[in-house]
Each structure stands twice: as structure tokens, then as C-alpha cells.
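Take a look at the structure set out below.
Only heavy atoms go into these numbers, but all of them, side chains included; no hydrogens, no water, no symmetry mates.
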Amino acid sequence: MHKKLPMLAGLVLFSALSFAQKPDSLPPHPKDSLSVVKKDSTHKPEKKKPEKPDPIKPYKEVIPDSAISKTGLFTIHKVDNNWYFEIPDSLFNRDILVVTRYDKVPGGAGVYAGEIVNQQMVRFVNGPDKNIYLQLKMTIAMADSTNAIYKAVINSNADPYLASLPIKAYGKNHSVVVEVNDLFLGDNPALSFRSSTRKGLSIGGLLKDRSFIQSIHTYPINTEIKTVKTYTSQPAPHQPGQPMRRSRAFDAAGDVGLVTIGFNHSFLLLPKTPMQPRLFDPRVGYFADGYTRYGDDQQRVKDEHFIVRWNLQPKPEDYQNGKTVS
């Protein structure tokens with residue numbers, strides 16, 4: 001009985017050693033039980049996008065002490081070759097008459113220096129994205145603001161925007177500074193030929209490399225801008241079967257295909273309170289203009305015509321003994 005115990009112990013030990021030597025008999029290691037996170041060496045952290053610089057700069061950075069400045073309707077600044085208008089807050093939404101005249105012209109087309117090229121009424125208005133808009137003011141139809149039809153008339157006669165002027169800086173008393181080089185050196189329809197005049201004179205595209213601002217002068221109620229612009233120009237060819245007519249194109253257009261023209265642009269501030277219009281009478285020789293009048297009590301629309309005139313009023317010093325002195 002005692003001899004069997006060592007033999008039994010030996011068998012148990014042998015079985016244990018045999019079991020340890022067989023790796024296949026071990027339960028499989030759960031490889032997926034532990035997740036291994038590998039770092040992506042190629043991944044780069046996202047860089048923050050640089051913030052866009054504020055287009056509106058401090059006043060002194062835009063208008064340094066070296067600027068040539070003149071005060072008037074607009075305060076004018078010249079910095080190197082750049083021209084700036086400083087527009088006071090009081091001029092926003094005010095009616096301004098813009099008159100463009102020939103200052104110098106080539107010969108041969110039957111037009112002369114001093115003649116009016118274009119005449120428009122504009123306003124400076126605040127726009128989105130820190131811009132000032134130059135808006136054309138047109139009077140085609142009108143209605144009394146107390147009438148129900150007034151809103152419909154306004155919404156049916158929207159005025160176009162002629163130019164967008166980014167604000168460069170803010171001045172004192174809520175004034176804004178805008179650069180005007182592109183306004184006066186571009187081919188803006190309010191500061192250039194009417195479409196019919198352009199076609200009649202065979203005026204083509206504007207050549208900016210041969211155009212420049214000659215001078216800008218400002219006064220209490222008006223600002224005067226002189227520009228020189230060069231255009232391509234080709235006289236219209238003669239149509240077969242049509243009578244020979246002298247072209248209205250400038251002679252330089254036929255010789256070199258270019259014309260250089262000088263312009264004078266007048267910005268004239270109109271009164272806050274418009275003067276009383278005087279109705280047109282065909283028996284009196286005035287130039288006339290007109291618009292369509294709408295009202296709630298009308299059976300049909302009414303066209304009104306009034307004379308074109310200036311509001312000329314004598315000053316106190318023009319009176320002597322109760323009479324005007326010429």
C-alpha cells in the first residue's frame with residue numbers, strides 16, 4: 001500500500017510536466033481583448049486660419065501728417081498718388097448734383113470745351129461690409145408719402161448703385177475716409193459719356209494706363225475734379241448703298257485709333273429743402289422736365305412738367321432802399 005503512493009505521485013508529476021510542454025493545449029490568448037492605439041505620425045494638427053486684417057485702419061495710418069489736405073464740401077487728402085474724400089456724417093443721404101463737362105477735346109467731332117457731357121443727381125449712402133455706396137437718384141414717378149400707394153411707387157422705382165467705396169478710416173465727428181482714384185479713373189456712367197453720346201462719337205474702351213486725375217479743388221458747397229482719360233476709338237465704316245456722311249468721330253480716331261479727352265466733374269450740394277417747382281407753360285420758353293404723379297384719389301395717373309431753373313435769390317447786400325441793385 002505504501003509502495004503505490006510514490007508511483008501515484010510520480011504519475012501525477014509526469015502528467016503535469018507533459019501538459020506544460022504542449023503549448024497547443026493551452027487556451028488561446030485573446031489577441032483582440034486589448035486594443036492597441038497606434039499614433040499616426042503623418043497627422044499634423046490643424047493650424048488656425050490667420051484672421052483677416054481689419055480693412056479700416058487708424059486715421060493717421062491712412063492720412064499721415066505729410067498728406068496735402070483741403071477743407072470744403074468734402075475734405076480732400078492727397079497721399080502720394082492717391083486721392084481721398086473725407087465725407088462728413090451730415091452729407092449722407094443728401095442730394096448732390098454731379099455735372100460733367102468737357103475740359104479739353106480733340107478737334108473734328110463738332111464738340112467743344114465747356115459743353116455738358118452728363119448731369120446726374122447722386123447720394124452717398126451707407127452700405128454693408130463697411131462700404132459707402134454712390135447711389136443715383138432718379139425722379140420718374142412720385143407720390144405723397146401719406147398716400148397708401150406711396151410704398152408701391154417707391155418699390156417700383158429702385159435707384160441703382162453707381163459705385164462702392166470701401167471705408168479706409170474714420171475721422172472726427174463720424175466722418176469716413178474713402179479712396180476715390182477708381183471712382184474718377186474708371187468708366188463710371190455718371191462721370192462719363194451717356195450711351196448715346198459714346199456711340200455717336202465712336203468712343204471705345206478706357207485705357208487706364210493713359211488716364212489720370214489732374215487736380216481736385218474743394219469749396220464750401222462744391223468740389224471740382226479734373227481728369228484726363230484716353231479711349232480707343234474707331235470711326236464707323238461707311239455702309240454700302242448709304243449716302244456719304246461725315247463721321248462725328250474725332251479726327252484722331254481715324255489717324256491713330258485713340259482719343260484723349262479732359263473732363264471737369266462738379267459735385268454741387270443741393271439745399272436740404274427743395275425749392276417750390278414752377279409748372280411748365282408751353283407759351284413760355286423754358287426747358288422743361290417732368291415725372292408721373294400717383295395718388296390714392298386719382299382715376300388715372302397724371303404727368304406733371306416743371307421748368308428747369310436755378311434758385312437764384314439776392315443777398316441782403318444786393319438791396320438798396322428796398323430794391324435790388326444790379
Side-chain angles (χ1 to χ4, degrees), residues 68 70 74 76-85 96-122 133-134 136 138 160-166 178-219 222-268:
I68 301 173
K70 302 174 184 177
F74 309 110
I76 306 302
H77 306 283
K78 186 181 181 184
V79 182
D80 298 328
N81 291 324
N82 296 323
W83 292 89
Y84 297 90
F85 276 13
I96 297 174
L97 182 66
V98 180
V99 181
T100 298
R101 288 183 170 87
Y102 293 117
D103 183 52
K104 293 180 180 179
V105 294
V111 296
Y112 302 95
E115 291 183 357
I116 291 180
V117 183
N118 206 337
Q119 181 173 288
Q120 303 290 347
M121 187 164 66
V122 301
Y133 286 168
L134 182 65
L136 180 66
M138 304 181 69
Y161 295 110
L162 299 171
S164 174
L165 306 171
V178 295
E179 186 179 340
V180 295
N181 285 48
D182 290 341
L183 175 63
F184 294 114
L185 292 180
D187 205 7
N188 195 293
L191 304 172
S192 184
F193 304 98
R194 293 178 180 269
S195 58
S196 58
T197 305
R198 178 185 290 271
K199 184 178 180 181
L201 294 175
S202 301
I203 300 296
L206 175 68
L207 301 175
K208 286 191 174 183
D209 60 331
R210 278 158 278 186
S211 304
F212 56 92
I213 298 174
Q214 187 173 2
S215 65
I216 300 181
H217 298 284
T218 189
Y219 306 96
N222 64 299
T223 296
E224 305 293 323
I225 304 98
K226 286 190 175 184
T227 61
V228 175
K229 296 182 179 180
T230 301
Y231 300 88
T232 61
S233 181
Q234 293 292 337
H238 174 254
Q239 298 294 330
Q242 297 293 327
M244 289 293 294
R245 293 179 180 176
R246 188 176 184 275
S247 172
R248 282 199 69 217
F250 296 102
D251 287 351
D255 295 337
V256 296
L258 301 171
V259 293
T260 297
I261 302 173
F263 295 99
N264 187 89
H265 312 286
S266 300
F267 281 64
L268 176 65

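- Under a cut-off of 6.0 angstrom, the local environment of CG in Asp80 is sparse, with at most 12 non-hydrogen atoms contributed by other residues, nucleotides or ligands.
- For the pair Asn118 and Ser192, the tightest heavy-atom approach, listed with the atom from each and the gap, is ND2-O, 3.2 Å.
- Looking only at distances, no side-chain donor or acceptor of Thr227 sits under 3.5 Å from a matching main-chain atom of Phe184.
- Taking OH of Tyr219 as the start and CD of Glu224 as the end, the distance is 6.5 Å to the nearest 0.5 Å.
- Pairing each heavy atom of Thr218 with each of Phe74, the nearest pair is OG1-O, 3.0 Å.
- The CD1 atom of Ile203 sits 11.0 Å away from atom CD of Gln234, with the distance rounded to the nearest 0.5 Å.
- Here the side chain of Arg198 pairs a donor or acceptor atom with the backbone of Gly204 at under 3.5 angstrom.
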N/O donor-acceptor pairs under 3.5 Å from side chains in residues 98-110, not counting sequence neighbours:
residue, atom, partner, partner atom, Å
Thr100, OG1, His265, ND1, 3.1

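- Note that the CG atom of Leu134 and the CZ atom of Phe85 stand 10.0 Å from one another [nearest 0.5 Å].
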Scan the side chains in residues 209-217 for donor-acceptor partners under 3.5 Å anywhere in the protein, sequence neighbours excluded, and list what turns up.
residue, atom, partner, partner atom, Å
Ser211, OG, Leu207, O, 2.8
Ser211, OG, Thr230, N, 3.1
His217, ND1, Lys70, NZ, 3.3

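- Rounded to the nearest 0.5 Å, atoms CG (Asp182) and CG (Asn82) are 9.5 Å apart.
- Residues Met138 and Pro160 form a side-chain contact, since some pair of their non-hydrogen atoms from C-beta on lies under 4.5 Å apart.
- Applying the 6.0 Å contact sphere to CG of Asn181 captures more than 12 heavy atoms from other residues, nucleotides or ligands.
- For Thr232 (side chain) and Leu258 (main-chain N/O), no donor-acceptor pair under 3.5 Å exists by modelled atom type.
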Could you give me the CA-CA distance, side-chain angles and deciding distance for Tyr84 and Val79, then say whether side chain to side chain contact (heavy atoms under 4.5 Å, CB included) is met? CA-CA 8 Å; Tyr84 297 90; Val79 182; 4.0 Å; yes
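- Of all the heavy atoms in Ser233 and Ser202, the pair that sits closest is OG-O, 2.7 Å.
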Show your reasoning for whether side chain to side chain contact (heavy atoms under 4.5 Å, CB included) applies to Tyr231 and Asp187. CA-CA 10 Å; Tyr231 300 88; Asp187 205 7; 4.0 Å; yes
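- No side-chain N or O of Asn222 forms a donor-acceptor pair with one of Ser266 less than 3.5 Å apart.
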How far apart are the C-alpha atoms of Val117 and Phe263, what are their side-chain angles, what is the distance that settles it, and do they pass the side chain to side chain contact (heavy atoms under 4.5 Å, CB included) test? CA-CA 9 Å; Val117 183; Phe263 295 99; 4.2 Å; yes
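- To the nearest 0.5 Å, the span separating CG on Leu162 from CG on Leu136 amounts to 5.0 Å.
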Would you sort out whether Leu206 and Lys229 count as a side chain to side chain contact (heavy atoms under 4.5 Å, CB included), showing the intermediate values? CA-CA 7 Å; Leu206 175 68; Lys229 296 182 179 180; 3.8 Å; yes
